[in-house]
Structure formats: structure tokens, C-alpha cells
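Keep in mind that what you see is a predicted model, and the values were worked out from it rather than measured. A, B, ... follow the sequence lines: proteins, then strands. Residue 1 opens every chain.
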2 protein chains.
Amino acid sequence: MGKNETFEMELLFRALADRTRLRLLNLMGDDELCVCFFVEILRTNQPKISRHLAYLRRAGVVSARREGKWMHYRIVEPPDEHAARIFSEVRQWLREDLPMQRDRERLVKVCCAPQQPVQLRGAPRPLSLTA
Amino acid sequence: MGKNETFEMELLFRALADRTRLRLLNLMGDDELCVCFFVEILRTNQPKISRHLAYLRRAGVVSARREGKWMHYRIVEPPDEHAARIFSEVRQWLREDLPMQRDRERLVKVCCAPQQPVQLRGAPRPLSLTA
DNA sequence: CTAATATATTCGCCTGAGCGAATGTGAGCG
DNA sequence: CGCTCACATTCGCTCAGGCGAATATATTAG
């Protein structure tokens with residue numbers, strides 16, 4: 001109580017104020033996800049994805065982990081309890097949004113397909129879908 | 001469930017992604033407030049305040065009511081339940097933020113002062129402080 | 001009617017940030 | 001070493017939106 005977090009609030013909301021970034025967060029869900037899947041699901045060019053992921057990273061909203069050539073991104077639980085509750089509500093909201101549901105369905109399809117698209121051969125699949 | 005509200009999410013977060021607008025929402029609290037008080041408390045020029053209030057109005061976050069020469073703004077409860085919960089959490093967060101607390105204290109002082117500043121003579125005081 | 005007051009809008013300037021295209025970088029392989 | 005792959009960054013452009021200054025509008029007073 002009595003903290004000064006106005007700047008942190010602005011930072012969080014700016015990070016959430018973009019459709020592409022909301023789609024990325026939606027795809028991460030509760031697991032880390034490889035960049036190549038974001039590119040595949042959002043059907044856009046790779047630099048655009050990387051730029052938005054960098055934006056989220058600078059805002060402290062996601063973290064990155066390298067595994068050989070691949071980079072995995074995952075959502076970071078905000079340290080502040082208010083931010084955490086807002087974030088949790090956002091994720092619930094995303095779960096109920098139709099276009100977001102379609103993105104997640106496409107992710108499942110792409111990951112579980114017997115024959116993966118050329119760009120994804122050998123890419124590390126998300127844990128939640130392979131376990 | 002299963003709705004498409006991605007655009008509404010973006011709209012909400014863009015509205016919240018600015019320090020001046022957060023300060024305005026903080027001052028509104030649970031009551032409507034007259035524009036002249038925003039100008040007085042934020043110690044800034046009036047057009048800036050009006051522009052941010054217009055932004056909030058376009059985003060559906062506040063509503064305006066005219067009373068003679070004066071305009072009162074108040075927070076609108078978002079119709080969507082997720083938006084409402086996020087908004088409620090934001091207001092709680094604002095309540096605990098130190099700079100925001102100072103703004104509210106200054107509002108109380110200005111409203112309850114025996115001699116109001118010249119700009120505020122005759123301005124309708126917020127209900128919560130006069131009742 | 002005119003004048004004053006409270007608020008809103010417009011204008012010109014500047015920065016942040018989104019975009020596609022091109023280029024840079026780090027890891028693994030032969 | 002050099003090549004490729006996965007990803008990151010930079011460049012040039014465009015546009016949203018923040019700012020102060022000036023102006024417009026609405027209401028009330030006289």
C-alpha cells in the first residue's frame with residue numbers, strides 16, 4: 001500500500017494496447033512458445049513478430065529463453081499484485097474471445113499435423129501439446 | 001462466452017495507457033467531477049484536460065453531464081464483465097498509488113478551503129465532499 | 001443584443017510506434 | 001573456415017496522438 005507505480009501501470013497498458021501483442025500473449029497461454037509458431041499462426045512476416053516480442057520483453061511482460069537456434073517466449077507473472085490480477089483477467093478475457101480461440105485452434109492443428117509446414121520442420125513443439 | 005471483443009480490449013487499454021488520463025480517472029473516483037477541478041488539481045492548461053476527457057469519452061470509459069456552464073465527468077461501468085473487473089482493479093491500484101493519493105488530497109483541500117481559488121468561485125463542488 | 005465564463009476544438013509541431021524491406025547476429029553443421 | 005537457419009535489429013516511411021497556442025462554442029449575466 002502507498003506505492004508509486006503509475007509508470008508501471010502505463011507500461012503495462014501500453015503493452016496490452018495492441019492487437020498483435022494480445023494475439024501473441026494469447027498463444028503463449030501458460031507455456032513457452034517458439035517464435036516460428038507465432039509467425040506461422042499470425043500469418044505475418046517474422047520481423048514484425050520479433051519487434052512485438054521485443055516490445056513485450058521491454059515492458060517486462062514476457063521472458064525469452066534460447067534453445068539452440070530457437071527462442072522461446074513465455075508470460076512473466078507480474079510482481080505487483082494488482083498487475084497480476086489485471087493480467088490474469090486479461091488472459092481469461094482472451095480465452096473467451098472468438099478470434100483468439102481460432103488462433104489457439106490453429107496452433108493445435110499445426111503442431112499436431114502429421115506433416116508440418118516446411119518452416120516448422122524440426123521446431124520444438126509446445127510442451128502442452130506434445131505431452 | 002465466445003464473444004469477439006478484441007477491439008474493445010485495445011480501446012480500453014489505449015485509454016488507460018496515459019498518465020494524465022489515469023490521474024483524471026483517479027480524481028473521478030466514484031463521483032462525477034467538474035472540469036474546472038481537474039484543471040486546478042493537475043495544474044495544467046484547460047485544453048489539455050478537455051482533450052484527454054474527450055479521449056476517455058470516445059473510448060466509452062467516462063460520460064459527461066452538462067449543468068449550466070459546467071461539465072461533469074464520471075466513470076462509466078463497462079458493460080463487459082471482464083472489462084469491469086479490470087477497471088475495478090485499476091481503480092483499486094490507483095487508490096494505493098502515492099502520487100494519486102496526493103492528487104485526491106489536494107482535491108479535498110481545494111474543495112473544503114474556506115476561500116476557493118479564483119478560478120473555482122461558484123463551481124459546483126463534488127457531492128462526496130460536500131455531503 | 002453584448003460580454004463574460006466554462007469548456008471544446010483546431011492548428012502546427014514533434015515524438016512514439018507500427019509497417020515492410022533490408023540487413024545484422026548467433027548457433028549449428030560440414 | 002563458410003554456409004544455413006532462426007531470429008533480431010535497422011531503415012525509411014507513415015500515422016496516431018501528445019503538446020501549447022489560438023480559436024470556436026455554449027451558457028449565463030446584464
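Checking B/Gln101 against B/Arg104 by side-chain atom types alone, no donor-acceptor pair falls below 3.5 Å. Remark: the A/His82 side chain and the B/Gln92 side chain contain no N/O donor-acceptor pair separated by less than 3.5 Å.
Atom CG of A/Leu53 is separated from atom P of D/dA8 by 7 Å (rounded to the nearest Å). One can place CZ of A/Arg14 at 19 Å from P of D/dA16, the figure rounded to the nearest angstrom. Note: CZ (A/Arg65) to C1' (D/dC7) measures 15 Å, nearest angstrom. Rounded to whole Å, the distance from OH on A/Tyr55 to C1' on D/dT9 is 17 Å. At whole-Å resolution of the value, CZ in B/Arg51 and C1' in D/dG17 are 10 Å apart. Between B/Leu33 atom CG and C/dT7 atom P there is a gap of 10 Å when expressed in whole angstrom units. At whole-Å resolution of the value, CG in B/Asp18 and C1' in D/dA16 are 13 Å apart. Residue A/Leu56 contributes atom CG, which lies 15 Å from atom C1' of D/dA8 at whole-angstrom precision.
An OP1 or OP2 oxygen of D/dC7 is reached within less than 4.0 angstrom by no side-chain nitrogen or oxygen of A/Arg66. At D/dC19, one or more side-chain N or O atoms of B/Lys48 fall inside 4.0 Å of OP1 or OP2 (strictly under the cut-off).
A donor N or O paired with an acceptor N or O is not found under 3.5 Å between the base of C/dG18 and the side-chain atoms of A/Arg19. For A/Gln46 and D/dA8, a side-chain-to-base donor-acceptor distance below 3.5 Å is present, hydrogens and geometry of angles not being considered.
The shortest distance between side-chain heavy atoms of A/Cys34 and A/Met71 does not fall below 4.5 Å.
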Q | Step-by-step salt bridge (charged side-chain N to carboxylate O under 4.0 Å, His left out) determination, A/Glu105 to A/Lys109 | A | CA-CA 6 Å; A/Glu105 284 162 15; A/Lys109 259 191 198 130; 5.9 Å; no

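Taking every side-chain heavy atom of A/Pro47 into account, C/dA21 is the closest of C/dT7, D/dG17, C/dA21. Nearest nucleotide to the side chain of A/Cys34, out of C/dA21, D/dA21, D/dC7: D/dC7. Closest to the B/Met71 side chain, of the nucleotides D/dA6, C/dA21, C/dT7, is C/dT7. Comparing atom distances between the B/Val35 side chain and each of C/dT7, D/dC7, C/dA27 picks out C/dT7 as nearest. Taking the side chain of B/His52 as heavy atoms from C-beta on, and the options D/dC7, C/dG20, D/dG18, the nearest nucleotide is D/dG18.
Here the options are A/Leu25, A/Ile86, A/Ile75, the test is side chain to side chain contact (heavy atoms under 4.5 Å, CB included), and the partner is A/Arg91; only A/Ile75 passes.
Each of B/His72 and A/Asn45 has a nearest nucleotide on DNA chain C; the 5'-most of these lies closest to B/His72. Comparing A/Thr20 and B/Val39 by the nucleotide of DNA chain C that holds the closest heavy atom to each, the one mapping nearer the 5' end is B/Val39. Between A/Arg57 and A/Lys69, the residue whose closest nucleotide on DNA chain D is further toward the 5' end is A/Lys69.
Here B/Phe38 lies out of heavy-atom contact (under 4.0 Å) with every strand. Using a 4.0 Å heavy-atom criterion, one finds that A/Arg21 contacts the sugar-phosphate atoms exclusively.
A cation-pi arrangement, defined by a distance under 6.0 Å to the six-membered ring centre and an angle within 45 degrees of its axis, is absent between A/Arg19 and B/Phe7.
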